[in-house]
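Have a look at this one before I ask anything.
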2 protein chains.
Amino acid sequence: MTPPGKTRPAKKAPRPAAAAPPKPSAGKPLRPRRLPRQSRATATVEAILEAAACILETGGFDAYTTNAIAERAGASIGSLYQYFPNKAALTQALIAREDAALLRELGKLLEYPKGIGLLHELVRVAVAQQLRRPLLARLLDAEEARLPPSDETERLHALLAELFQRSLGPALLALEPRLPQDLFAIIRGMVDTAGEMGERDDQALAVRTERAVFGYLASFKVPLR
Amino acid sequence: MTPPGKTRPAKKAPRPAAAAPPKPSAGKPLRPRRLPRQSRATATVEAILEAAACILETGGFDAYTTNAIAERAGASIGSLYQYFPNKAALTQALIAREDAALLRELGKLLEYPKGIGLLHELVRVAVAQQLRRPLLARLLDAEEARLPPSDETERLHALLAELFQRSLGPALLALEPRLPQDLFAIIRGMVDTAGEMGERDDQALAVRTERAVFGYLASFKVPLR
DNA sequence: CAAATTTATGAGCAAATACTCACATCAACT
DNA sequence: AGTTGATGTGAGTATTTGCTCATAAATTTG
């Protein structure tokens with residue numbers, strides 16, 4: 001996911017529809033894509049998303065083609081395009097899916113009491129999330145940075161800001177406004193790198209990540225509450 | 001660049017040559033690609049590499065096509081394929097180019113006296129390098145993680161290990177073998193994220209990155225020399 | 001049951017892509 | 001000047017890619 005803050009513009013327009021003789025019946029200029037209403041439809045959508053994630057993390061962007069995704073999902077290419085208007089939308093849905101998972105986990109922390117203990121929990125959640133599929137997380141992060149922010153992304157930023165506020169209090173944040181960004185960066189850097197190196201021990205990694213996070217905080221010589 | 005440590009396997013075979021009638025003269029099964037010998041040739045190669053970097057960082061992997069790269073470089077597609085046997089080789093050359101630049105800068109630090117001052121310099125060099133083209137750095141990092149390690153990469157790892165050894169001494173490293181990896185991860189995470197957020201002030205970022213690095217070190221409660 | 005709606009299929013199309021090759025141009029040398 | 005090899009060119013080729021659409025199957029509804 002993207003760090004809390006602003007984002008960047010999009011890049012490329014989708015390919016225009018192929019030149020074809022006008023249809024006799026259709027009045028709608030652009031058919032709205034279908035939303036899954038039956039259970040098998042949502043199953044198809046999930047299979048497609050999972051296949052996309054799988055292909056991306058094992059084969060990179062080169063292997064990330066719509067036909068390959070549909071095949072891996074055990075669905076037809078037509079089914080894919082019934083739920084995603086184009087390839088970019090699929091990628092965005094993938095990002096939204098990962099964001100939503102993190103959002104869910106972080107949301108639980110809102111019931112946690114304020115204070116520094118909250119930050120410990122925050123680290124653990126972030127580590128666990130990013131370590132689940134490290135390669136996928138990295139690729140999606142890079143892609144997310146070049147896309148307009150989705151609803152999920154925005155909500156995530158807001159939640160993170162709130163949680164940092166509750167963990168650190170306003171004093172520290174006034175002292176260093178970029179503190180959330182930096183803590184986030186430290187966590188992401190540590191976990192991405194660990195994942196890249198094949199590390200799989202959440203516990204050990206979480207301990208070291210906390211060291212880094214709290215070491216950075218301690219450098220401000222401000223008492224944590 | 002990749003963090004110091006092991007790497008991952010490659011992925012895809014290049015497309016086989018098009019089915020064609022056997023050439024009358026050629027005895028060599030695969031023509032070796034040309035090395036630039038005249039100055040204009042090296043200029044072409046550099047233009048192609050720069051164009052590739054430019055396209056990758058502004059358009060992502062979608063826009064990263066050989067034809068587009070050649071056009072942006074002001075060269076013909078034929079010229080591109082005279083110096084790079086295929087697209088993957090171009091990407092590897094791009095990575096090697098960035099690694100070489102970092103290698104050059106870090107190499108200078110070998111003349112620096114041992115001790116903690118060296119780590120300060122190391123941070124500054126790494127920050128400057130990664131902040132020069134943050135988006136490009138991130139994309140290449142991600143790609144490098146999925147490629148077999150090049151010579152440049154290996155030399156870079158060796159040099160980094162040596163510099164960390166000189167900065168920290170053996171005691172700390174024995175205490176936490178993953179220290180180099182972690183420090184590297186913190187630096188990369190901070191700088192990548194800052195670049196993603198549009199931060200451009202090397203100085204301020206270097207200060208915060210040092211806080212993070214030395215904060216992590218301080219958490220070990222071992223006196224630094 | 002039938003009618004209506006949702007879901008799934010996959011051959012196939014236009015465009016794009018990686019890459020080749022026969023040829024033109026340039027530079028260095030005698 | 002002429003020879004030689006390095007360099008540059010870009011139309012063209014086989015393949016791939018994103019995506020459509022006519023049609024069929026499954027499910028829900030009346």
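None of these values were measured; they are calculated from a predicted model.
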Problem - Integer-rounded Å distance: D:dC19 C1' and A:I48 CD1 - result: 14 Å

Exercise for the section: For side-chain contact (heavy atoms from CB on, under 4.5 Å), just list the numbers for A:R97 and A:E50, CA-CA rounded to whole Å, side-chain angles, deciding distance to a tenth of an Å, and then say yes or no. Expected result: CA-CA 10 Å; A:R97 180 206 201 206; A:E50 181 51 35; 3.0 Å; yes

Completion exercise
Side-chain contact check for A:T66: nearest option of D:dC19, D:dA6, D:dG8 is D:dC19

Problem - Under 4.0 angstrom between A:T65 side-chain N/O and D:dT16 OP1 or OP2 - result: no

Exercise for the section: Using atom CG of A:N67 as one end and atom P of C:dA16 as the other, report the distance to the nearest whole Å. Expected result: 17 Å

Fill in the blank from the handout: Heavy-atom nearest nucleotide on DNA chain C taken for A:R37 and for B:R40; more 5' hit belongs to A:R37

Fill in the blank from the handout: Between CG of B:L80 and P of D:dA11 the distance, given in whole Å, is 16 Å

Practice task
Please state whether the phosphate of D:dT9, meaning OP1 or OP2, lies under 4.0 angstrom from any side-chain nitrogen or oxygen of B:S76.
Solution key: yes

Problem - Spacing of A:F84 atom CZ relative to C:dA8 atom C1', expressed in whole Å - result: 15 Å

Handout entry: Rounded distance in Å - CD (B:E71) to P (D:dG8)
Key = 17 Å

Completion exercise
Which of B:L147, B:D141, B:L139 passes side chain to side chain contact (heavy atoms under 4.5 Å, CB included) with B:E143? It is B:L147

Practice task
May I ask you to say what B:L35 touches in the nucleic acid, namely base, sugar-phosphate or nothing, with a heavy-atom cut-off under 4.0 Å?
Solution key: sugar-phosphate

Exercise for the section: State which of C:dA8, D:dT9, D:dG18 makes the closest approach to the side chain of B:A75. Expected result: D:dT9

Handout entry: CG on B:D182 to OH on B:Y216, rounded to 0.5 Å
Key = 3.5 Å

Problem - B:D62 CG to D:dC19 P, straight-line distance once rounded to whole Å - result: 10 Å

Practice task
Compare the minimum distances between each of C:dT9, D:dT27, C:dA18 and the side chain of A:Q82, then state the nucleotide with the smallest one.
Solution key: C:dT9

Problem - Rounded interatomic separation in angstrom, taking CG from B:N86 and C1' from C:dT17 - result: 14 Å

Problem - Length of the CD1-C1' vector between B:I77 and C:dA16, whole Å - result: 13 Å

Completion exercise
The ring-ring contact (aromatic ring centres under 6.0 Å, His included) partners of B:F61 (sequence neighbours excluded) come to A:F61

Problem - Distance test, side-chain N/O of B:Y81 to OP1/OP2 of D:dG10, below 4.0 Å - result: no

Problem - Residue mapping more 5' on DNA chain D - nearest nucleotide basis, A:G78 or A:A68 - result: A:A68

Handout entry: From CA spacing to verdict: salt bridge (Lys or Arg N to Asp or Glu O under 4.0 Å), B:R124, B:E105
Key = CA-CA 10 Å; B:R124 281 188 197 281; B:E105 293 301 312; over 6 Å; no

